[in-house]
Amino acid sequence: MTQVRFAIPKGSLEKTAANFLDRANMRPKGYADGSRSYRPELDIPGLTVKVLRPQEIPYMIAAGFYDMGISGIDWYQESECQSNVEDVLDLGFGRVDIVLAVPSKWEDVQSTEDLFRKFIDSTGTHPLRIWTEYLNLTESLIRRHTDLEPSLYSPYSRLHVERRSSSPVAIFHSFGATESKPPEDGDAIVDNTETGRTLVANGLKIIEKVLPNSTARLLVNRRSLRNHDKQSIIRQVIDGLATAAPSRREAEPVFGHI
Amino acid sequence: MARFQPPRATRDLLPADAALRKHLERQFAQVAEGYGFQPIQTPAFENVELFSARSGPEIKSSMLTFHCDHEELALRPEMTAPVCRLVSSGALDAASLPHKLYYVAPCFRYCRPGSGRYREFTQAGIECVGEPGPQADAEVIAAACRFLDSVGISDGALRIGNIGIFGQLLREDLDAEDRAIVIGHLDRLMGIRERCRALALSGDRLLLDELKIDRMDLASIQVQSDYSGAEEIEKRQNLSVEEFAEVMPREADATYRRLWDVQDLVPEAAADLLINVSCLQGPLAEVDQKARALLDETAATGALDELLSVCRQVEMYGQHEPEVVLGIARGFTFYTSTVFEVASSNAHGIRKYCGGGRYDRLIGEFGGPSLPATGCAVRFDSLVDEVKAAGTWSMPRPYQLLLLAASKSVLEQTVALAEALRHRGHRIGVAVGPQTQTTATDCETRRTERIGLISEEAGADVVIGDGALSTTVAANADAVAAALAG
């Protein structure tokens, strides 16, 4: 029998995801219940469930290793997999803003334009150093505001060698505690935050919401959606989760009178 | 051969549903025509700019768009812009003002599938162009209420406001964009208040989850605007549902007041007034008194007078007792003064059946003459669902009368009789067979209200029966029609 592979998140989204799945009556046995299982079981014939880090889920679906999964829209966009993976359902939980923040004492920097102006046309000793886990979102932010190719500092794929340049903007690959880098090791960060409290506590202020209101989504591989054998199982999961998804009435645009 | 499905987030309507829709469409047309509105039809698609010109390019992501002949087109998401385009074009006879127009039209949007939302939906609306006075507003409101009444919607409450009041309370030098932002905030505050009220009554889980998302957003505004005060959200955790419903509106008020202050949108004193005014709602006399006390000597009294006169006019129609709700702040970029909605509240919050108001600037903005206009539209699809759920409507059977010719020899006579009856507007079926009334098949019985048997033994008569009763009448159209009527 065809198996549909479903990836659900481990880590920060885990608890809220478990609550959500509970409400949809679809919580797999062994998920977020302290059993540390990575292969919880859900009573839907033909469906196998695996627990993965949310960062990994979008590209694992894009590559076809999974048919569907739950992850944040931030990692979906970061993974640049829109052409292979469809964002099917806004599940509403795990809301964060992906923001660009700088030291709050910089009074001359109130906007992203100010930030680039401060560094790019200046004769400073170092480039504008932006720390982030979201390398792609950050690079496209830079390209939206400037015509520069940033250099990139990451241990992976020799990027720190191959993408090193004399660019006045540099992206530093952060492995956590991003808010701690400025001011001595960095000038700005692109990071996720629920309310911004941690940023404020670390002497930072938000100057742009790079991706506001990122929430958890149900992501499905587009090819799987068209696969005859998988369709009905996928549909069953979508419909099940839809029962617990908030309708987000306020986000709906008003057309004409109503 | 592959089996095809309807496109995502669309649906087929089977006869039972389609018939109910047709019935409601006819009902809408009948009510609108009763007030002298005339039907119009516009193309199902328009140039994208018609919709993006006013709503901004963001609306494109909510529409179904496509390219044809190097033009970018969109399936229409609403009907007011096409109506304004039509009026602006001057195609209607200017001598016959006001133009009173109605439509029941399929519209389209791009939305995520799920939770009962479809990419094709129906807007039914009326627009009255060229009448400036409160009388026209009242007539539009009355027509909308009459229609809702006529289809058995009884839980809808009529709420009337006037957006001009807020317009007058904002700083004069505030530009249009900032005005819209503040009005948007007021609308949000109103929504939070209403949903919290519903939450307090129902304790509904889904509603609570939705509000939690909103509250988190408020918390983040508080942090970014450096709010510290009695309503600090992060200091209040683990609330019970009752506490949540009680504190959240206060937190929201405090949050936006702080934001207005930091962003220099609304001065402190005006913020008090804005929020106090937006909280006012109730019966006409009561709200009038309180509002006058608050608005005395402000420029907003004119808008308040206008609101009163619309409400008084509406009362003359003797249908709904309007509730005055000053906090209705919908669509500020669209409406200019009177705004109204018919809504019901249930466990999940507010459910809007109908909304509308006066839009005196819109036709001019579409390049037409400066004409006052007022109108409204009905959420036709929710209405259909509502009527269906109420079970007050049942689909008529296909035939009023199924004529059974007992043998081939009477078939010609049977067909002729059926045609004569159809000519008179009856729904008639014909079948041949050796049946009697009691041996008519189940399938046949289900398709008709009554069965008429024409047999040679009965001579030229029809035996008409429904269940136990049966009568014999002469087999001519007059006699059978009389029997059907009786």
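Atoms considered below: every heavy atom in the structure, side chains included; atoms not considered: hydrogens, waters and symmetry mates. Proteins get letters first, then strands, A, B, ... in listed order; numbering begins at 1 in each.
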Checklist line | Distance in Å, B:Glu251 CD paired with B:Ile192 CD1, rounded so as to fall on 0.5 Å steps | finding: 9.5 Å
Next item on the list: Go through the atoms of B:Ser220 and report whether side chain, backbone, both or neither lie under 4.5 Å from a heavy atom of chain A.
Entry: both
Notebook entry, point to check: Side chain, backbone, both or neither: which part of B:Val378 has a heavy atom under 4.5 Å from chain A?
Noted result: backbone
Notebook entry, point to check: Can you tell me if A:Gln77 and A:Tyr134 form a side-chain donor-acceptor pair at under 3.5 Å?
Noted result: no
Next item on the list: Using non-hydrogen atoms and a 4.5 Å limit, figure out which bit of B:Gln222 sits close to chain A: side chain, backbone, both or neither.
Entry: neither
Next item on the list: For chain A, find which of B:Lys352, B:Arg205, B:Glu127, B:Lys212 contributes the most heavy-atom pairs closer than 4.5 angstrom.
Entry: B:Glu127
Notebook entry, point to check: What part of B:Asp226 gets closer than 4.5 Å to chain A, counting heavy atoms only: side chain, backbone, both or neither?
Noted result: neither
Checklist line | Structural part of B:Cys354 lying under 4.5 Å from a heavy atom of chain A | finding: backbone
Item checked: Per-residue contact mode, A:Asp97 against chain B (heavy atom under 4.5 angstrom) -> side chain
Note to self: Which one wins on heavy-atom pair count under 4.5 Å against chain A: B:Ala81, B:Pro77, B:Gly125, B:Cys107?
What the structure shows: B:Pro77
Check: Under 3.5 Å, side chain of A:Tyr31 to main-chain N/O of A:Leu42, donor-acceptor pair present?
Finding: no
Check: For the ring pair B:Tyr335 and A:His257, is the centre-to-centre distance below 6.0 Å?
Finding: yes
Next item on the list: Name the region of B:Glu341, side chain, backbone, both or neither, that has any atom closer than 4.5 Å to a heavy atom of chain A.
Entry: neither
Check: Which atoms form the tightest heavy-atom contact between B:Arg119 and B:Arg8, and what is the distance?
Finding: CD-O, 3.8 Å
Notebook entry, point to check: Going by atom types alone, do B:Arg76 and B:Thr42 pair a side-chain donor with an acceptor below 3.5 Å?
Noted result: yes
Note to self: Under a plain distance cut-off of 3.5 Å, with no hydrogens placed, do A:Thr198 and A:Glu179 share a side-chain donor-acceptor pair?
What the structure shows: no
Next item on the list: Answer with side chain, backbone, both or neither: which region of B:Phe121 has an atom nearer than 4.5 Å to a non-hydrogen atom of chain A?
Entry: side chain
